[in-house]
Amino acid sequence: MCGIVGLHLRDRGLHARLGTLLSDMLGRIAERGPDSAGIGLYGDTATGAGQPAYTAGDFTVYKGVGPPAGVAASIDLARRTGHQGLAHTRMATESAVTAAHCHPFTPGGDLALVHNGSFANHATIRRALVRDGVRFDTDNDSEVAAHFIASSLADGDNLEKALGKVCETFDGFFTLLATTATQFAVVRDVVGGKPLLIAETEAYVAVASEYRALAGLPGIDTARVFEPAPEEVHLWSR
Amino acid sequence: MVTLMPGYERLSNAELVLDRDKLTLREVNRALRSLPPGGRARVVNPRGRHNLAVGLDADVAVDIDGPAGYYVGGLGKHATVTVHGRAGWGVGENLMSGSVHVLGDAGQSVASSAHGGTVVVAGDCSLRTAISLKGATVVVAGDVGGYCAFMAQAGTVLVGGDTGPALGDSLYEAVIYVAGRVKSLGTDARIEELRSEDVALVRSLAEAHDLDHIDPENVTRVASARELYHFDTHRAGSY
Amino acid sequence: METTPLPSPSPANHTFPPSVMDEIRQRAELGRYAIRGLGSRRAVPSFDDLTLLTAGASRYPLEGYRETCVTRTVLGARNAAEPIVLDIPVTIGGMSFGALSANAKEALGRAATAVGTSTTTGDGGMTPEERQSSKTLVYQCLPSRYGFDPDALRAADAVEVVLGQGAKPGGGGMLLGQKVGPRVAAMRTLPEGVDQRSASRHPDWMGPDDLRIKIEELREATDWRIPVYVKLGATRVDHDVRLAVAAGADVVVVDGMQGGTAATQDVFIEHTGIPTLAAVRQASDALADMGVLGEVQLIVSGGIRSGADVAKALALGADAVSIGVASLVALGCNAPSYPGEDGAPVDVTGDYLPLAAAPGSCTGCHTGLCPVGIATQDPALERRLDPQIGADRVANYLRALAMETTMLARACGKADVHHLEPEDLVALTVEAAAMARVPLAGTSWIPGAAP
């Protein structure tokens with residue numbers, strides 16, 4: 001159980017502020033997940049402290065245990081840049097609190113997934129993926145969804161279709177944010193059990209578990225803010 | 001104006017301005033509870049934070065100057081709470097009397113389990129509006145999401161726009177009026193003929209809340225078919 | 001002379017014994033599930049499979065009476081201005097007015113007050129009589145929110161957010177139409193006589209991250225005066241207890257599969273949740289692992305019957321236990337008679353027949369035909385339960401439980417019942433040893449533990 005935030009920047013002029021904005025968003029919903037945090041950045045050109053947990057091209061992921069503000073500070077998040085980012089702050093449910101268990105999960109390439117909620121039938125889906133040759137790093141239920149999506153993409157589905165298949169296959173309450181270097185997509189389960197808000201302006205698309213996380217964004221007062229309906233995939237590309 | 005401490009301004013004996021950036025949630029709510037009947041307060045810089053003006057128990061007026069988070073005005077009695085912006089989940093949850101107004105969109109479970117008073121949303125609501133309603137009046141100017149009035153036991157819901165799927169699923173005795181389109185009905189909900197009392201009620205609600213786009217003679221009345229009131233072998237799929 | 005030989009006795013049919021055949025026939029008649037009251041009837045590993053290692057040469061007992069054994073129990077001091085202080089570590093758990101008669105709730109309240117412990121409201125709200133008769137009253141916040149009221153919240157001594165109960169973790173409340181009389185219907189905002197359909201999830205939050213915000217709302221509405229309990233039916237106890245603590249619980253209540261109900265589907269009662277024995281150890285270990293022992297208290301319930309059960313639950317890490325069915329049995333549940341006006345018992349054995357039962361085997365709470373006036377809304381039946389006589393019996397039972405607990409604790413050398421520890425226990429079966437994580441008696445073996 002946790003909090004997710006994501007930022008897809010349309011305005012080049014905001015790229016230099018990606019890290020500052022994400023850091024602010026994450027800080028405002030830190031209580032949703034006090035145990036650990038993970039951040040994924042697309043196009044970060046800044047150098048700074050912290051070892052990435054994962055890199056693929058200009059996509060880097062950082063993970064850390066402890067309060068989100070501390071994790072953000074330890075990687076100089078405020079100085080980082082890029083065209084898109086996602087972050088997740090975690091309250092552990094079914095698996096241990098280690099950096100490896102942090103979201104975003106990166107099943108390969110520049111695909112990343114953050115998840116708020118808990119699945120109810122992921123154990124069987126995991127076994128099917130393992131039979132297909134997938135190797136898992138953790139016992140975390142969100143990692144199952146990440147590999148499921150990757151598998152669907154590898155089969156030729158686009159990201160929208162893959163997220164639709166998640167809705168058909170997985171039981172539970174879930175809000176998902178899935179990203180690649182060129183795409184930014186969200187979907188919620190059929191009951192809409194976990195929260196999600198989307199804020200859209202000409203300059204950016206932002207998503208968050210609570211409005212609080214969006215409250216500091218530039219132009220938020222005139223943004224289009226809405227809650228996506230269950231099982232409706234919303235996808236933006238660059 | 002007298003400034004007593006950072007974040008807390010007393011305009012008069014019964015008027016306060018409270019700055020949520022400078023005061024903790026406890027300090028804000030305590031100050032609101034200290035207002036005498038007839039008192040007023042403004043809460044500035046809410047920034048979508050939760051649990052503002054919960055548990056009020058006096059005839060006071062509270063204006064939230066900006067977006068509110070979850071449960072704004074929840075568990076309230078006698079008070080009038082107005083949010084000048086959007087609100088999160090559970091607006092006016094378990095309201096007993098008084099009113100909560102949102103001058104923007106609202107999140108899920110608006111007026112959840114509310115027993116009395118009125119909750120008014122000027123924009124759209126998302127899922128499960130008026131869930132478990134127990135007698136309050138809910139007025140939404142715009143659209144509502146899926147499962148509006150889910151298990152609603154008593155009270156009145158007026159929707160100025162369209163509904164989402166499964167309207168009135170598992171409805172008890174609450175009644176829903178929809179000015180726009182009903183996407184689909186929930187289990188045991190059915191459309192009934194509009195009677196003159198319904199038209200009069202909808203007219204008075206629409207006028208009271210300046211909802212000119214609602215034509216009281218052209219709303220759809222949705223109520224319970226009452227077929228789930230007794231456990232029945234052949235309705236297994238409905239449970 | 002030829003005689004017809006008698007048939008030899010058939011071997012027992014464990015797959016289709018007579019009781020199972022009856023249940024199948026019942027479903028064939030009703031076309032739906034069977035509903036009943038009380039808790040799990042089948043044999044599961046329980047506190048009976050543990051025994052206490054009392055004094056010998058290596059451990060010395062305390063004398064009774066002169067040498068005190070403290071039973072005072074404090075719950076919810078972490079955040080509340082007014083924690084709950086009990087004289088004994090046994091409370092009366094949540095049972096609704098509606099499931100029980102008003103006289104039954106009154107009797108339980110008076111008994112708890114006399115003995116210095118708490119009662120708990122149920123799915124239907126707080127009655128004024130219960131608030132008056134019970135000195136310490138815990139107010140439940142359930143998925144249905146029937147009768148939930150900020151005034152009652154402010155009048156309560158603690159609030160208990162209920163995620164589930166041991167009899168049916170994941171199931172909502174149930175009250176059949178025959179018990180939805182005028183007063184119950186008014187309190188629950190239901191039409192009289194309907195079969196109550198209840199929600200299994202809370203209407204305004206889903207998941208511990210949002211529960212955290214809900215708990216904050218309840219604290220704000222009560223100005224942080226009272227403790228917040230979170231009650232769980234015992235399923236994934238380790239995860240659930242951790243999440244309850246992370247969401248802000250001051251006290252965690254875990255109800256095992258033996259926990260009772262007034263009306264639930266039989267398959268739900270018998271085939272969901274884990275035994276109380278397994279749940280208490282898992283819950284306590286989770287709190288210890290999180291480093292909140294002493295800060296967050298644990299109450300355990302589900303089949304608590306004697307001071308031995310109380311002592312064993314405390315030894316395994318509970319701070320207190322809750323009783324449900326046991327308090328009703330003390331009141332007269334399943335008794336063949338009730339006390340008449342002149343004190344002489346009035347036999348009601350025949351009145352169990354419409355419930356297809358006899359005294360001692362009745363689970364017919366759901367019918368509303370309780371022959372002793374406890375689980376009914378029928379005024380004629382309710383009159384059979386005198387609140388003061390009932391209160392005296394339950395108070396006696398609670399005092400007896402407390403005496404048994406202290407006696408056993410003293411025999412283990414403890415000056416405080418809360419000093420009982422797992423090392424005071426051994427198990428009589430391999431299953432109980434594994435679940436309680438104590439050695440099998442006469443050995444040093446704990447199945448599943450690292451050597």
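Lettering follows sequence order; numbering is per chain, from 1.
For a residue to count as touching a neighbouring chain, one of its non-hydrogen atoms must lie under 4.5 Å from one of that chain's; by this rule Arg33(B) touches chain C with the side chain only. Only the side chain of Pro191(C) has a heavy atom closer than 4.5 Å to any heavy atom of chain B. For Arg26(B), the parts sitting under 4.5 Å from any heavy atom of chain C are the backbone and the side chain alike.
Residues Tyr177(B) and Leu205(B) fail the side-chain proximity criterion, which asks for heavy atoms closer than 4.5 Å.
Contact count against chain C (heavy-atom pairs under 4.5 Å) is highest for Asn94(B) among Val54(B), Asn29(B), Asn94(B). Annotation: maximal heavy-atom pairing with chain B below 4.5 Å, among Glu220(C), Arg188(C), Arg145(C), occurs at Glu220(C). For the set Gln108(B), Glu173(B), His115(B), the entry with the most heavy-atom pairs within less than 4.5 Å of chain C is His115(B). Of the listed residues (Arg128(B), Arg30(B), Arg226(B)), the greatest number of heavy-atom pairs within a distance under 4.5 Å of chain C belongs to Arg30(B). Ranked by heavy-atom pairs under 4.5 Å with chain B, the list Leu218(C), Asp151(C), Leu176(C), Thr222(C) is led by Asp151(C). Put simply, of Gly135(B), Gly76(B), Ala154(B), Ser113(B), the one with the most heavy-atom pairs under 4.5 Å next to chain C is Ser113(B). Contact count versus chain B (heavy atoms, under 4.5 Å) is highest, among Ala221(C), Pro143(C), Pro150(C), for Pro150(C). Among Asp204(C), Leu190(C), Val194(C), the residue with the largest count of heavy-atom pairs under 4.5 Å with chain B is Asp204(C).
Between the CG atom of Leu127(B) and the OG atom of Ser109(B) there is a distance of 8.0 Å, given to the nearest 0.5 Å. Rounding to the nearest 0.5 Å places OG of Ser96(C) at 6.0 Å from CG of Leu175(C).
In this structure, Lys105(C) contributes its side chain and Met95(C) its backbone to a donor-acceptor pair below 3.5 Å. No donor-acceptor pair under 3.5 Å is formed between the side chain of Ser134(C) and the backbone N or O of Glu130(C). His202(C) places a side-chain N or O within 3.5 Å of a backbone atom of Val162(C) that can act as its donor or acceptor partner. The backbone N or O of Leu30(C) lies less than 3.5 Å from no partner atom in the side chain of Arg27(C), so there is not a single donor-acceptor pair.
With respect to the salt-bridge test (charged N to carboxylate O, under 4.0 angstrom), the residues Asp22(C) and Arg25(C) qualify. Looking at Glu216(C) and Arg219(C), no side-chain N of the basic residue comes within less than 4.0 Å of a carboxylate O on the acidic one, giving no salt bridge.
The shortest heavy-atom contact between Glu270(C) and Ser40(C) is OE1-OG, 2.6 Å.
Applying a 4.5 Å heavy-atom cutoff, none of the residues of residues 121-128 of chain C approach chain B.
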Take Ser132(B) and Gln153(B), measure what side-chain contact (heavy atoms from CB on, under 4.5 Å) needs, and give me the verdict at the end.
-> CA-CA 6 Å; Ser132(B) 201; Gln153(B) 299 168 231; 4.0 Å; yes

